[in-house]
Amino acid sequence: MHIKIAVLASGAGSNFKALVSGDTAPGIVDILLTDNEEAGALKLAAELGVEARYMYPGKYRTRFGIREEELWAEYLLGRGVELVCLAGLMRIIKGPLLDAFPGKIMNIHPSLLPSFPGLDAQGQAFNYGVKVAGCTVHYVDGGTDTGPIILQEPVQVLDSDTRDSLAARILKREHEIYSMAVKAHCRGRAVYSKVVR
Ligand code: GAR
């Protein structure tokens, strides 16, 4: 039995692609939903043969309108989606989606949370001067990049790094750990702060 996954993305979609191409069994990416008609992820979905859809997110910039979030949730429930993966969705999720998918929304973030939540986490870490950066997959609660951690991966900061070279190495690790965490969840083996491999 497959577990239907919806990926929600606003941007380039490389993590979406990693989830489609990676081993997430018994989970399978069923649909890409985006709040951005220009998202590169839409083009990737067409190339990968994954159904994709733009849905209006409401008039706000960093969150959904309440009615719109209800409509997104209704749409996903109606499709039989059982796991929602945020992959560069630049919007905070509040009531309706969280209520519809309790403990079933995951996010990837390009820092070792709880350090550097929010925008440009890679730039925040680089500018702070950390020696070890990284990425985190976590369950989503009502906060910004908060919620129980599933997997983390460290990435060494090199003397020669720029913000962008560091971000590129972190992104590669993101692609690896996101499908691992999704697979663990779908097999019922992702537990808070610990993944049984
Ligand atoms: C990724 O680095 C992801 O971790 C980050 O946006 C990028 C999306 O890239 N997400 C956040 O910062 C969420 N707080 P992608 O569209 O190529 O997957």
Side-chain angles (χ1 to χ4, degrees), residues 5-22 24 27 29 31-48 50 52-55 57 60-64 69 72 83-94 97-98 101 105-128 130 132-155 157 161-182 185:
I5 300 169
V7 180
L8 276 48
S10 304
S14 71
N15 277 290
F16 158 64
K17 184 177 178 183
L19 289 178
V20 173
S21 330
T24 55
V29 177
I31 180 123
L32 169 84
L33 272 193
T34 182
D35 58 346
N36 173 14
E37 284 169 301
E38 316 270 293
L42 282 172
K43 198 164 157 256
L44 278 180
E47 285 168 18
L48 294 163
V50 175
R53 185 171 167 184
Y54 163 79
M55 279 183 77
Y60 307 103
R61 231 169 37 86
T62 57
R63 64 180 173 95
F64 287 91
E69 196 175 317
W72 281 55
L83 175 66
V84 176
C85 292
L86 311 186
L89 181 80
M90 291 307 174
R91 224 167 260 279
I92 293 170
I93 283 183
K94 285 281 176 194
L97 273 166
L98 282 177
F101 293 95
I105 306 182
M106 288 165 66
N107 182 43
I108 179 99
H109 183 75
S111 77
L112 292 175
L113 291 170
S115 295
F116 311 120
L119 292 176
D120 191 25
Q122 308 95 325
Q124 292 184 55
F126 182 77
N127 291 335
Y128 194 93
V130 299
V132 181
C135 47
T136 303
V137 183
H138 64 96
Y139 287 111
V140 172
D141 61 13
T144 301
D145 302 317
T146 54
I149 289 171
I150 303 165
L151 264 185
Q152 292 189 300
E153 189 69 20
V155 174
V157 182
D161 263 332
T162 60
R163 181 250 167 235
D164 289 352
S165 64
L166 175 63
R169 281 207 314 292
I170 294 172
L171 192 59
K172 276 194 188 157
R173 294 278 98 79
E174 292 182 38
H175 298 160
E176 291 164 12
I177 66 167
Y178 210 177
S179 43
M180 282 175 69
V182 167
H185 173 98

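Just so it is clear, the model here is predicted, and its values are computed rather than measured. Note: hydrogens, waters and symmetry copies are ignored here, and every other heavy atom, side chains too, is used. Both counts, for ligands and for their atoms, begin at 1 and track the order of listing.
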Any atom of ligand 1 sitting under 4.0 Å from a heavy atom of [X]?
X: Ala9; answer: no
X: Met90; answer: yes
X: Pro110; answer: yes

For Thr136, which of Gln152, Glu174, His109 qualifies under side chain to side chain donor-acceptor pair (under 3.5 Å)?
Gln152
Is the shortest heavy-atom distance from the side chain of Leu83 to the side chain of His185 under 4.5 Å?
yes
In the protein, which heavy atom is nearest to [atom], and how far is it?
atom: atom 8 (C) of ligand 1; result: Gly88 CA, 3.7 Å
atom: atom 3 (C) of ligand 1; result: Glu174 OE1, 3.3 Å
atom: atom 17 (O) of ligand 1; result: Ser14 OG, 2.6 Å
atom: atom 13 (C) of ligand 1; result: His109 ND1, 3.8 Å
atom: atom 10 (N) of ligand 1; result: Ile108 O, 3.7 Å

Between [X] (side chain only) and [Y] (backbone N and O only), is there a donor and an acceptor less than 3.5 Å apart?
X: Arg91; Y: Tyr60; value: yes
X: Ser10; Y: Met90; value: yes
X: Gln122; Y: Asp164; value: no
X: Glu153; Y: Ile177; value: no

Just let me know how Ile170 lines up against ligand 1, side chain, backbone, both or neither, with a heavy-atom cut-off below 4.0 Å.
neither
Could you report the tightest heavy-atom contact between Ala121 and Pro110, atom names first, then the distance?
CB-O, 3.6 Å
Side chains of Thr146 and Asp141, donor plus acceptor under 3.5 Å
yes
Considering the heavy atoms of Asp145, write down every atom of ligand 1 situated less than 4.0 Å from one of them.
14 (N)
Ignoring angles and geometry beyond distance, decide whether Asn107 reaches within less than 3.5 Å of ligand 1 through its nitrogen or oxygen atoms.
no
Below 3.5 angstrom, do we get any N/O pair linking Gly13 and ligand 1?
yes
Closest to atom 9 (O) of ligand 1 (judged by heavy-atom distance), picking from Asn15, Val7, Leu19:
Asn15
Rounded to the nearest 0.5 Å, what separation is found between the CG atom of Asp145 and the CD1 atom of Ile108?
11.0 Å
